[in-house]
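When a ligand or atom number is given, it counts from 1 through the structure's own listing order.
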Amino acid sequence: MVDELELLIDLHRDGERQGPGGADQTRLALDLSGLREKTGLKIADIGCGTGASTRVLAQDLDADITALDLVPDFLAGLTDQSQGLGLRGRIETEVCGMDALPFAPGALDAIWSEGAIYNLGFERGVSEWRRFLKPGGILAVSELTWFTAERPDELNRHWAEHYPEVATASDKIAVLERAGYALLGYFPLPEACWMEAYYGPLRARFPDFLARHENSNEAQALLVAEEAEIALYERYAAYFGYGFYVARVGTTP
Ligand code: SAH
């Protein structure tokens, strides 16, 4: 029997991305970061999946990029999908947990992480990762965010159970400030980053996925759970989504 994690990896490994986002949004965050003007950058893309954001960074920047993820299959996908693109920067992949990064203190000009820091928790992630950044280094992360001060009970209950750290952008920005960052910019991801860029292609892979697993109960159960997540998003997209936060390491007082 294939376990649930293996199924999840099998469902996602052929995707261009494993979470909501888009190349335009990665580029908007890059514009806010000021990194475009710099050369010889050292950057980590944490929880990179198959590398949707990594490729944009490598296209646009003069940088050595270490792309890290816990799942070797996703990193293999990153390498396959990056063939022949004529990238300006260089990508190295590393199988690694985001709680055990292989960098020396102050080694990085930037940490990038789209739709992944929740695995560690936002507050823990931004404070633990800070020490790997140079003074003035850049943190760019997308994170589950409330877009309104009040929400329907069903939605509050859902995220209280699944990700209690969800908060409004102003609360997330306060977390960043307490952890020693100065905010450079924030923007919410548009719905297209969820529906067209992520859930649409994911749904299109359902039939092949079911066929590969001969309609097993486990495979069907996973797709039921995915559909429930999509339905929740479609119903409540006005209230929550991903916020993209770009911040700079401030000077310590
Ligand atoms: N940044 C990618 C993937 C987002 S999905 C994108 O936007 O498409 C979240 C990613 O985090 C997955 O690739 C998953 O394998 C990875 N991940 C989950 N837990 C992790 C951990 N503890 N350490 C490193 N990566 C992890």
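- The V71 neighbourhood of ligand 1 comprises atoms 15 (O), with distances under 4.0 Å to a heavy atom of that residue.
- Numbered from 1 in the order shown, with element, the atoms of ligand 1 that lie under 4.0 Å from a heavy atom of A116 read 9 (C), 11 (O).
- Residue contact check for ligand 1: G21 places no non-hydrogen atom closer than 4.0 Å to it.
- Those atoms of ligand 1 with a heavy atom of C96 less than 4.0 angstrom away are 23 (N), 24 (C).
- Summary of contacts: the protein heavy atom closest to atom 26 (C) of ligand 1 is M98 CE, 3.6 Å.
- For ligand 1, none of its N or O atoms has an N or O atom of Y118 under 3.5 Å away.
- A ring-centre distance under 6.0 Å is not found for Y245 and Y181.
- Both the backbone and the side chain of L70 come within 4.0 Å of ligand 1, counting heavy atoms alone.
- The N/O atoms of G47, backbone and side chain alike, include one that comes under 3.5 Å of an N/O atom in ligand 1.
- Separation of the W146 and Y239 ring centroids does not fall under the 6.0 Å cut-off.
- Near G19, the atoms of ligand 1 lying under 4.0 angstrom from a non-hydrogen atom of the residue are 8 (O).
- Side-chain atoms of D208 do not come within 3.5 Å of backbone N or O of R205 as any donor-acceptor pair.
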(request) Give the C-alpha distance, both sets of side-chain angles, the deciding distance and a yes or no for salt bridge (charged side-chain N to carboxylate O under 4.0 Å, His left out) between K134 and D109. (result) CA-CA 6 Å; K134 293 178 183 169; D109 294 288; 3.1 Å; yes

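- Remark: R27 engages D60 in a salt bridge, criterion side-chain N to carboxylate O under 4.0 Å.
- In this structure, CG in L32 is found 6.5 Å from CZ in F187, a value given to the nearest 0.5 Å.
- The distance from ligand 1 to the heavy atoms of R17 drops below 4.0 Å at these ligand atoms: 7 (O), 8 (O).
- Rounding to the nearest 0.5 angstrom, the gap separating the OG atom in S142 from the CD atom in E114 is 5.0 Å.
- Those atoms of ligand 1 that come under 4.0 Å of a heavy atom in N119, given as number and element, are 11 (O), 17 (N), 18 (C), 19 (N).
- Partner C48 forms a side-chain contact (heavy atoms from CB on, under 4.5 Å) with one of V71, L75, L68 and no other, that one being L75.
- Listed for the R151 side chain is no donor-acceptor partner under 3.5 Å among the backbone atoms of N156.
- Distance from atom 8 (O) of ligand 1 to its nearest protein heavy atom, with residue and atom name: Q18 N, 2.8 Å.
- Counting only non-hydrogen atoms, the option in S53, G115, C48 that gets closest to atom 2 (C) of ligand 1 is C48.
- Scanning the protein for heavy atoms near atom 13 (O) of ligand 1, the closest one is D69 OD2, 2.6 Å.
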